[in-house]
Amino acid sequence: IDDSIKLGDGNCDGSQYNTEECGWDGGDCVEGYPDCRVANPIKVGNGNCDGGEYNTEECGWDGGDCVEGYPDCRVANPIKVGNGNCDGGEYNTEECGWDGGDCIIPDWPNCHVDSPENLGNGRCNHHGGYNTAQ
């Protein structure tokens, strides 16, 4: 490297410094995300969706801690969003795109319920928003 004083100086200098051999610029850069520039690289991929500058494509949606395409979606298990199953609850919100589209019912796109399989099941479900005009 050209200038070893740049390693671990608090600034991600990129290119030759941002390599495994140089410890991702002495910890200044984020391993696996060379274009991710954040204040505290250790937060990327720490199991908590930190949002903001961490929840970007360059930072891999906070190293997988956040949900791609839904920057305001904060859920316990981001991999469930858009997995083909309506998980309901915290996943079935506008911020999470109605569970990444899993909870959107084609015939009733404005009807957002946690168990869409209950719609048209032959029983009147009086709770949870099922008995509405939507």
Side-chain angles (χ1 to χ4, degrees):
I1 58 174
D2 295 331
D3 191 359
S4 63
I5 198 162
K6 289 184 174 185
L7 292 173
D9 66 353
N11 183 45
C12 179
D13 297 298
S15 66
Q16 63 182 338
Y17 301 92
N18 192 17
T19 63
E20 184 175 4
E21 294 78 19
C22 290
W24 314 109
D25 194 5
D28 295 337
C29 300
V30 181
E31 179 180 350
Y33 304 101
D35 297 322
C36 180
R37 307 284 193 270
V38 292
N40 193 351
I42 198 164
K43 287 185 170 185
V44 176
N46 67 352
N48 181 47
C49 178
D50 298 296
E53 66 179 336
Y54 300 90
N55 193 17
T56 63
E57 185 174 359
E58 293 79 17
C59 293
W61 314 109
D62 196 6
D65 295 338
C66 299
V67 182
E68 179 178 349
Y70 303 101
D72 296 322
C73 180
R74 307 268 194 302
V75 291
N77 194 349
I79 199 163
K80 287 185 170 185
V81 176
N83 68 350
N85 182 48
C86 177
D87 297 295
E90 67 178 332
Y91 301 89
N92 191 17
T93 63
E94 185 174 0
E95 293 80 15
C96 294
W98 313 112
D99 196 7
D102 294 341
C103 295
I104 295 176
I105 303 118
D107 291 337
W108 301 287
N110 295 319
C111 178
H112 305 291
V113 294
D114 287 344
S115 300
E117 68 275 5
N118 286 341
L119 295 171
N121 66 358
R123 293 190 307 264
C124 181
N125 299 289
H126 294 287
H127 61 285
Y130 297 92
N131 195 14
T132 68
Q134 307 231 11

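The residues of the chain are indexed from 1 along the displayed sequence.
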Practice problem: With rounding to the nearest 0.5 Å, note down the distance linking CG in Asn55 to CZ in Arg74. | Solution: 6.5 Å
Quiz prompt | Glu58 CD: over 12 foreign heavy atoms closer than 6.0 Å | solution = yes
Quiz item: Is a side-chain donor or acceptor of Asn85 paired with a backbone partner of Lys80 at a separation under 3.5 angstrom?
Solution: no
Quiz prompt | Inter-residue atom distance Asp99.CG - Ile104.CD1, 0.5 Å rounding | solution = 9.5 Å
Quiz prompt | Partner set under side-chain contact (heavy atoms from CB on, under 4.5 Å) for Cys73, not counting sequence neighbours | solution = Val67, Tyr70, Val75, Val81, Cys96
Exercise. Return the minimal non-hydrogen interatomic distance between Asp87 and Asn83, and the atom names on each side.
Key: OD2-OD1, 3.6 Å
Quiz item: Counting distance only, does the side-chain N/O of Glu53 pair as donor-acceptor with the main-chain N or O of Ala39 below 3.5 Å?
Solution: yes
Quiz item: So, does Tyr54 use its side chain to make a donor-acceptor pair with the main chain of Asn40 at under 3.5 Å?
Solution: yes
Self-check item: Considering all heavy atoms, the nearest Gly51-Cys66 contact
Solution: N-SG, 4.0 Å
